[in-house]
Amino acid sequence: MPELPEVEAVCRAVRRAATGRRIVALHASPRLCAPQTPGAIARAVCGKRLRSVERRGKNILLHLDGISLWMHLRMTGHLFPAGPGLESGGYAARVLLDNGRCLLLEDPRRLAVMRAAPPQKLSAMLGPLGVDPLSLSFTPERLEGLGRASRAAVKNFLMNQRRVAGLGNIYSAEALFRAGINPRTITARLGRRRWGRLHASITSVLAEALESGRRAYRRPGGLAVGETFRCAVYGREGLPCFGCRRRIRRIAQSGRSSYFCPGCQR
DNA sequence: CTGCCCCTGTAA
DNA sequence: TTACAGGGGCAG
C-alpha cells in the first residue's frame, strides 16, 4: 500500500506512540528478517529505547540506542501502533514496548523486509536514494537537473528511487496528470515550463495525500492510510476524466500499469 | 533501462 | 483459471 505519504504517516504515528519507549520483545517471521534471523534482530534491539524515527523515501528507520531497525513495507506492508489485546490476523512482526503497547507489522503478501544494523551501515545502504520530494532541496531546478539526461519515459523516471525517492505507481501517475504530461514522454525532452509544472504537481499531490492519510490513520487499527485520497487517473481505466470527460486509458510501462487522460496529458 | 522474480490475495 | 496488485533486487 505505501508510497511516500503513507510511509510518512506511518512514521508520524510510530513517532508519537513509541518514542522514548523501550523494546521488550520482538517476534517476526523469518522471511521478513532474511538474511538475518528473528532471533538475531530481537537480541539486537531488546532492551534498547527508541530515540527517533526517520523516513528516507519509502524506508523507515527506527533509531535505538546504538542500533537501528530498518523496515521497508514494499507492496502490502502496514505498520501501526496497537494495544496489547489486538490479535489481528497474520502479522509479520510484533515489537512489544515497555508500556504494554506494541508496533504491529502486517503484510499478507510477505514482501516487506526488516533488518537491524548500526545506523552508519544503514545509511550506506540507503546512499543511492535520490532527493526526497518533501525536502527543501527538492526544487524545480534540481528536478530538471536530474532528468535532463534521462531517455526513459517520464513515468519511469519518476519511479526510479535513485532520482526521486518516494514516488510510486499511484502518485507518479497522479502528478503527471496534474502537470498535463503524457507518461510516455521522454524525460529529457521536457521543457522548462513542464519541469516547473511537474515539480508543483508532485509537491501538491504528496501534500494532499499526506493530509488525507493523516485523517485516515487517526483510527487505531482502522482504515488504511491513503484510502481517502481521490485519484484522478490511477485505477480509473475507461471512466471519464474529471476535467475533459474523455475516457482514462491504461497502458503498460516496464511491466506496470500507467493510467492517463489522453485529452489532458499530451 | 527493461524483464523476471519474489509472495499471496482478489477480481474478472 | 488467469490477470493483476501501491515495490524493488537482480540479471541481461
Side-chain angles (χ1 to χ4, degrees), chain A residues 1-10 28-36 55-60 70-80 88-93 105-115 122 124-130 133 146-177 183-189 202 205-206 208-210 212-213 216-217 223-239 249-260:
Chain A
M1 165 114 181
E3 292 184 33
L4 187 150
E6 292 78 31
V7 176
E8 175 63 23
V10 161
S29 83
R31 165 169 297 285
L32 177 77
C33 303
Q36 298 179 326
R55 179 190 58 76
R56 291 200 206 174
K58 301 170 199 169
N59 296 270
I60 300 166
W70 165 71
M71 297 180 185
H72 196 300
L73 302 176
R74 296 284 180 91
M75 298 274 264
T76 48
H78 300 252
L79 178 67
F80 53 92
S88 55
Y91 62 86
L105 196 165
E106 292 185 333
D107 183 16
R109 230 166 131 184
R110 307 235 182 282
L111 293 171
V113 284
M114 178 166 84
R115 184 175 304 179
L122 294 174
M125 186 183 76
L126 301 178
L129 276 185
L146 288 166
R148 195 174 287 144
S150 170
R151 273 158 285 110
V154 64
K155 160 81 163 11
N156 291 337
F157 164 78
L158 289 180
M159 289 185 63
N160 184 340
Q161 304 297 299
R162 289 171 176 255
R163 299 281 176 52
V164 180
L167 292 178
N169 211 24
I170 295 179
Y171 298 119
S172 298
E174 294 300 313
L176 287 169
F177 171 77
R184 289 170 297 198
T185 308
I186 300 300
T187 309
R189 299 244 269 262
I202 290 169
V205 160
L206 292 179
E208 283 175 34
L210 192 50
S212 57
Y217 219 78
L223 205 60
V225 183
E227 277 182 17
T228 59
F229 182 83
R230 186 214 210 190
C231 290
V233 290
Y234 180 84
R236 298 194 64 244
E237 180 184 20
L239 297 173
R249 287 194 50 200
R250 175 166 74 100
I251 59 171
Q253 291 185 287
S254 285
R256 318 211 42 195
S257 291
S258 284
Y259 299 85
F260 69 100

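Numbered from 1 within each chain, the chains take letters A, B, ... in sequence-line order. Predicted model only: the values in this text are computed from it and were never measured.
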For a quick test of reading the model: is some side-chain N or O of A:Arg256 closer than 4.0 Å to OP1 or OP2 of C:dG6? yes
Rounded to whole Å, the CZ-C1' distance (A:Phe157 to B:dT2) equals 17 Å
A:Arg162 side chain N/O closer than 4.0 Å to the phosphate oxygens (OP1, OP2) of B:dC1? no
Short side-chain donor-acceptor distance under 3.5 Å, A:Glu6 and A:Tyr171: yes
Contact class for A:Arg151 (heavy atom, under 4.0 Å): base, sugar-phosphate, or nothing? nothing
For B:dC7 and A:Arg31 - does any side-chain N or O of the residue sit under 4.0 Å from the phosphate oxygens OP1/OP2? yes
What is the minimum heavy-atom distance between A:Ile186 and A:Ser150, and which atoms define it? CG2-O, 4.1 Å
Distance test, side-chain N/O of A:Asn156 to OP1/OP2 of B:dC1, below 4.0 Å: no
If you go through the side-chain atoms of A:Arg109, does one of them form a donor-acceptor pair with the base of B:dC7 closer than 3.5 Å? yes
How many whole angstroms separate atom CG of A:Asp107 from atom P of B:dC7? 12 Å
A:Leu158 CG to C:dG7 C1': how many Å, rounded? 16 Å
Here the distance between atom C1' of C:dC4 and atom CG of A:Leu111, to the nearest Å, is 14 Å
A:Ser257 vs C:dA5: side-chain N/O to OP1/OP2 distance below 4.0 Å: yes
Taking the side chain of A:Arg163 as heavy atoms from C-beta outward, which of B:dC1, B:dG9, C:dG6 is closest to it? B:dC1
In whole angstroms, the gap separating P of C:dG8 from CG of A:Leu167 amounts to 11 Å
Counting only Watson-Crick or G-U wobble pairs whose two distances fall under 3.5 Å, which nucleotide matches C:dG6? none
Could you check whether any side-chain heavy atom of A:Arg249 comes within less than 4.5 Å of a side-chain heavy atom of A:Tyr259, counting everything from C-beta outward? no
Restricting to non-hydrogen atoms, name the atom on A:Met159 and the atom on A:Gly168 that form the minimum distance, rounded to 0.1 Å. CG-O, 3.8 Å
Measure CE/A:Met159 against C1'/B:dT2 and give the value in whole Å, please. 13 Å
Could you please name the partner base of C:dG12, counting Watson-Crick and G-U wobble pairs only when both distances are under 3.5 Å? B:dC1
What distance, rounded to whole Å, do you find between the two P atoms, one in C:dG9 and one in B:dG9? 24 Å
Which nucleotide wins on minimum distance to the side chain of A:Arg110, given the candidates B:dC1, B:dT8, B:dC6? B:dT8
Quickly work out the A:Leu129 CG to C:dG8 C1' distance and round it to whole Å. 11 Å
Looking only at heavy atoms, the pair that brings A:Leu105 and A:Ala112 closest together is CD2-CB, 4.2 Å
Find the distance A:Leu105:CG to C:dG7:P and express it as a whole number of Å. 16 Å
Within the pair A:Arg74 and C:dG6, is there a side-chain N or O less than 4.0 Å away from OP1 or OP2? no
With distance as the sole test, does A:Glu174 use its side chain to make a donor-acceptor pair with the main-chain N or O of A:Val233 at under 3.5 Å? yes
Rounded to whole angstrom, note down the P distance from C:dG8 over to B:dT10. 23 Å
Is any side-chain N or O of A:His72 closer than 4.0 Å to OP1 or OP2 of C:dG7? no
Does OP1 or OP2 of C:dG8 have a side-chain N or O of A:Gln161 closer than 4.0 Å? yes
Can you see if the side chain of A:Tyr171 gets near the phosphate of C:dG6 - specifically, an N or O under 4.0 Å from OP1 or OP2? no
